[in-house]
Protein chains: 2
Amino acid sequence: MTGRGRVASGQPTIADVARHAGVAVSTVSYALSGKRAISEVTRIRVLASIRMLGYHPNAGARALASRRANVIALVLPLRSGIQVPVVMQFATAVVTAARRHDHDVLLLTSDEGPEGLRRIAAGALVDGVLVMDVELHDVRVPLLRELGRPSVLIGLPADSCGLTCVDLDFHRAGQVCVEHLAGLGHRRVALLGAPAAVYDRGTGFAHRTRAGVAEAAARHGVDAVTLPCEENAADVRRRVDELFARHPDVSGLVVQNEAAVGPVQAALAALGRRVPQDVSMVAVCPDQFAEHASPRLTSVPVPAEEIGRQAVTLLMRKLADEPAPEVTLLEPRLTVRDSTATAPDGPAEVTFTEDGGPGAAH
Amino acid sequence: MTGRGRVASGQPTIADVARHAGVAVSTVSYALSGKRAISEVTRIRVLASIRMLGYHPNAGARALASRRANVIALVLPLRSGIQVPVVMQFATAVVTAARRHDHDVLLLTSDEGPEGLRRIAAGALVDGVLVMDVELHDVRVPLLRELGRPSVLIGLPADSCGLTCVDLDFHRAGQVCVEHLAGLGHRRVALLGAPAAVYDRGTGFAHRTRAGVAEAAARHGVDAVTLPCEENAADVRRRVDELFARHPDVSGLVVQNEAAVGPVQAALAALGRRVPQDVSMVAVCPDQFAEHASPRLTSVPVPAEEIGRQAVTLLMRKLADEPAPEVTLLEPRLTVRDSTATAPDGPAEVTFTEDGGPGAAH
DNA sequence: GGACGCTGGCGAAGCGCTTCGACAAACCGT
DNA sequence: ACGGTTTGTCGAAGCGCTTCGCCAGCGTCC
């Protein structure tokens, strides 16, 4: 009769622990959760028994009794045009952060659609939901509102009312890139953005970056042309050729597409335009990537790690019924490296440049 | 008193459904699971009630009562040198396949280590485990054996006894690449492999590919030099320069590293070696990538999609207590494209090549 | 025509945990 | 010395589901 739990599943149960430690089941539970005071001696004894028996609480039972699964769902995009490495960074950051809050992560792919979300949430498999790759008019947004489970979006929909969103401030990122180029005297810049499909489906970050670029350009009296850009070498090549055919005086490039950077460099080389002497280039890409390129790229990284961590923290706050801000936008950080220099027909106001190309106007 | 379940969680419970349909709770359960015969009329009525109330079974309760969580764990690598896009492909394939078997996927990262696995498995959060990126002497292998939960490895450890493993037959893949090159008359080939760290930690696929290359080379009287290769442009450049400095007569290249392909092409171009006229190149990379490169690459893809699907199928089989083969190796498939041609000093036995460069021996 | 097997359905006993109320025992201030 | 807290522990009632045993009604076969 004793040790009954072991018979069925092979795992010791909380009852086994209680028996072994000579206390009540509830005492074990409280010793573990700390929700009521338990004397030092008892707690030690309980913990010792737990270790001896190799006890691990049964997740299902715990979820059922406490109405908390200690699992959050992470909805990842699978679509074309996403930046796989960045998504991966998010995912790992989220998993790591969640573990620090004693939660696990259930992986969902967006292609299961809203029905998947509903199933997961209604079935109480997860306590909360993290959604990546949010579009401006995302179908999942109204669903999340109605679902009644805490959620955090990574990305920024058009209407964030009543939601919690975290993202890099891509608008600002676009501005920062242009400001940097403008400061170096570039008067004509281009944004090589995300693939056309990404704009078409209204993905927030692409639109916001473009808007930021346009706005800053207008403010600084810079001409800006923006064009989408696929991720394969051939299309990049075509785009770049076309760009310089139409606007030969473009001297500053913002590339928002890690996968396109290599091909862009190749295309520029083929056109005989040197970086940074003839063309300055700012990339939106991970620092590590920027460091390893040659020349090292002036870049604005997407702080996936931090966004993921923030998202989890906010979700935990909501799970604890604490208030959370609707929108959290992280300030972009531009690191100057070797791919940008003063414009060929340099600006009057720039006095010196350390690594400036021969085009510096002095 | 009635509708009690709705008070606490807002979700209807099975009791609500039973009441609404005018049947017993167990009848609803059986109607849903099909584990006992239920008359057509009753089942229809139950399903109608379910739909009306928007009922979703509570996952925790179900897991507790049935001892089945309907969740599998996926352990993803996070380490350096992994091919992020490929990992992502695996992950999505696994999620999709798992859903088809009515299971969800819990995401674990290897950096939680064995303790994470133990926690998950012992706590019955998951029914089974899928482990990626297995090393030849992986610490997790003994753990998996002792864990007492079904598991499937993606990869192949040195000792697969008592386990279930799925992978591409990388040994064969190495052979196939060399055989293709040898058939085109190349007498001296090189393998640009994974980063050194990957070999150092004994990752199966890297070692097996290398062995396959060496073996096939010996068998066909071809000289083969193999060298590791980091993923940044600078290192690739150095490796390639060095390679051709030491072995100027290398005319066939096997590149097992998607990220290195671009830089390798650049390096070859810089050395004035044309692909495929001077140097033939076979890549181990996704078909899509090979298609978009220029020239289009002769390649052996890693069929992540299929491996993931197989892995899930095998795991489901084990969950159902059916026997599963210890080792499943998928036959590699080489697709000839435009990056390989007959060797510059062409072989006598080759008669014609459609896209062969000027080096064809005729 | 009565013993027999099927089919379809019911009720209740858990699954392993959390949580709540109850309650001794120790600790106060006065 | 005595009511009143506080502290530490126990027991029991679920959480929402699955599953097992049981039984009522049928047709079926000597």
Side-chain angles (χ1 to χ4, degrees), chain A residues 1-46 50 53 55-70 102 122-125 127, chain B residues 1-46 49-50 53 55-70 122-125 127:
Chain A
M1 229 41 89
T2 57
R4 173 115 207 300
R6 319 207 82 210
V7 171
S9 67
Q11 291 311 121
T13 73
I14 198 174
D16 296 320
V17 174
R19 206 172 305 122
H20 186 272
V23 299
V25 163
S26 51
T27 302
V28 176
S29 178
Y30 287 126
L32 238 32
S33 70
K35 294 193 179 174
R36 280 201 187 176
I38 294 293
S39 70
E40 190 67 8
V41 276
T42 314
R43 223 192 50 241
I44 300 283
R45 194 144 42 91
V46 168
I50 287 178
L53 300 178
Y55 166 75
H56 285 264
N58 179 293
R62 189 172 255 195
L64 179 56
S66 68
R67 308 173 156 290
R68 289 300 230 87
N70 273 35
D102 196 32
L125 227 188
D127 305 319
Chain B
M1 228 43 90
T2 57
R4 176 118 204 299
R6 318 207 82 211
V7 172
S9 67
Q11 294 306 127
T13 74
I14 197 174
D16 296 319
V17 174
R19 204 172 305 123
H20 186 270
V23 297
V25 163
S26 51
T27 302
V28 176
S29 178
Y30 287 125
L32 236 32
S33 71
K35 294 195 178 171
R36 281 201 187 174
I38 294 291
S39 71
E40 191 66 8
V41 275
T42 315
R43 223 193 50 240
I44 301 283
R45 193 145 40 93
V46 168
S49 297
I50 286 178
L53 301 179
Y55 166 74
H56 285 264
N58 179 292
R62 187 171 257 195
L64 180 56
S66 67
R67 310 177 152 288
R68 289 302 230 85
N70 273 33
L125 226 188
D127 304 321

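Lettering of chains follows the sequences in order, A, B, ..., and the numbering in each one begins at 1. Only a predicted model underlies this, so the values are computations on that prediction, with no experimental measurement involved.
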Asker: Considering only side-chain heavy atoms of B:V23, which listed nucleotide, D:dC17, D:dC15, C:dC10, is closest?
Answerer: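 It is C:dC10.
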Asker: Given D:dC22, C:dC20, C:dG16, which nucleotide is nearest the side-chain atoms of A:R36?
Answerer: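 Of the candidates, C:dC20 comes closest.
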Asker: Let me know the distance between CD of A:Q11 and C1' of C:dG16, rounded to the nearest Å.
Answerer: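 Distance check: A:Q11 CD to C:dG16 C1' gives 12 Å.
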Asker: In this structure, how many angstroms lie between the P atom of D:dT19 and the CG atom of B:L32, rounded?
Answerer: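 From B:L32 CG to D:dT19 P: 12 Å.
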Asker: Using OP1 and OP2 only, check whether a side-chain N or O of A:S29 sits under 4.0 Å from C:dT18.
Answerer: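 Yes, within the criterion.
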Asker: Hey, which of these two, B:A61 or A:A24, hits DNA chain D nearer its 5' end, going by closest nucleotide?
Answerer: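 Of the two residues, A:A24 wins.
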Asker: Ignoring the backbone of A:S26, work out which of D:dT19, C:dT19, C:dC17 is nearest its side chain.
Answerer: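 Side chain of A:S26 sits closest to C:dT19.
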Asker: Quiz question: by atom type and distance under 3.5 Å, do the side chains of B:T42 and B:S39 form a donor-acceptor pair?
Answerer: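 Yes, a side-chain donor-acceptor pair sits under 3.5 Å.
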Asker: To the side chain of B:I38, which of D:dC10, D:dC17, C:dG9 is closest?
Answerer: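 The closest nucleotide is C:dG9.
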Asker: Looking at the side chain of B:R62, which of D:dG16, C:dT19, D:dT18 is the nearest nucleotide?
Answerer: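 Selected nucleotide (nearest to the side chain): D:dT18.
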Asker: Backbone N or O of A:L53 within a donor-acceptor pair of the A:D16 side chain at under 3.5 Å?
Answerer: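 No; zero donor-acceptor contacts below 3.5 Å.
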Asker: Quick one: does B:V25's side chain get under 4.5 Å of B:Y30's, heavy atoms only?
Answerer: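 Side-chain contact under 4.5 Å: no.
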Asker: Within less than 4.0 Å of OP1 or OP2 of D:dC15, is there a side-chain N or O belonging to A:S66?
Answerer: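 No, no such contact exists.
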Asker: Nearest-nucleotide wise, let me know which of B:V25 and B:V41 is further upstream toward the 5' end of DNA chain C.
Answerer: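 Comparing both residues, the 5'-ward one is B:V41.
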Asker: Taking atom P of C:dC17 as reference, at what distance in whole Å does atom CG of A:L64 sit?
Answerer: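 A:L64 atom CG is separated from C:dC17 atom P by 12 Å.
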Asker: OP1 or OP2 of C:dG9 less than 4.0 angstrom from a side-chain nitrogen or oxygen of B:T42, does that happen here?
Answerer: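 For C:dG9, OP1 or OP2 has a side-chain N or O of B:T42 closer than 4.0 Å.
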Asker: From CG of A:L53 over to C1' of C:dG16, roughly how many Å is that when rounded to an integer?
Answerer: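 Going from CG in A:L53 over to C1' in C:dG16 covers 15 Å.
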Asker: Any side-chain heavy-atom pair from B:V23 and B:R45 closer than 4.5 angstrom?
Answerer: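 When only atoms from C-beta onward are counted, B:R45 and B:V23 do touch, with a gap below 4.5 Å.
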Asker: Any idea which of C:dA12, D:dC17, D:dC10 is nearest the B:I14 side chain?
Answerer: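 Between C:dA12, D:dC17, D:dC10, the one nearest the side chain of B:I14 would be D:dC17.
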Asker: For the side chain of B:A65, starting at C-beta, report the closest nucleotide among C:dC17, D:dC17, D:dC15.
Answerer: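 Closest nucleotide to the B:A65 side chain: D:dC17.
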Asker: Please give, in whole Å, the distance from D:dT18 C1' to B:N58 CG?
Answerer: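 Atom-to-atom, B:N58 to D:dT18, this comes out as 13 Å.
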Asker: Look at A:T27 and D:dT9 and indicate whether a side-chain polar atom (N or O) is within less than 4.0 Å of OP1 or OP2.
Answerer: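 The answer is no; no side-chain N or O of A:T27 sits under 4.0 Å from OP1 or OP2.
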Asker: Quick one: A:I44 CD1 to D:dG8 C1', roughly how many Å, whole number?
Answerer: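 About 15 Å, once rounded to whole Å.
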Asker: I want to check something: taking the side chain as every heavy atom from C-beta on, are B:L32 and B:I14 in contact at a cut-off of under 4.5 Å?
Answerer: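 Heavy-atom side-chain distance check fails, nothing below 4.5 Å.
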Asker: With a 4.5 Å cut-off on side-chain heavy atoms, are A:N58 and A:T13 touching?
Answerer: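 They are not in contact (no side-chain heavy atoms under 4.5 Å apart), so the answer is no.
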Asker: Within this structure, what is the CZ-to-P distance between B:R43 and C:dG9, rounded to whole angstrom?
Answerer: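 B:R43 atom CZ is separated from C:dG9 atom P by 11 Å.
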Asker: Output the single nucleotide from C:dC17, D:dG16, D:dC20 whose closest atom is nearest the side chain of B:Y30.
Answerer: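 Nucleotide nearest to B:Y30's side chain: D:dC20.
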Asker: On the nucleotide C:dT19, are OP1 or OP2 found under 4.0 Å from the side-chain N or O atoms that A:K35 carries?
Answerer: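 Yes, such a contact exists.
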Asker: Once you round it to whole Å, what is the distance between C1' of C:dC17 and CZ of B:R67?
Answerer: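 After rounding, the reported distance stands at 13 Å.
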Asker: Can you tell me if the side-chain N/O atoms of B:R68 get under 4.0 Å from OP1 or OP2 in D:dC17?
Answerer: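 For D:dC17, OP1/OP2 do not have a side-chain N/O of B:R68 under 4.0 Å.
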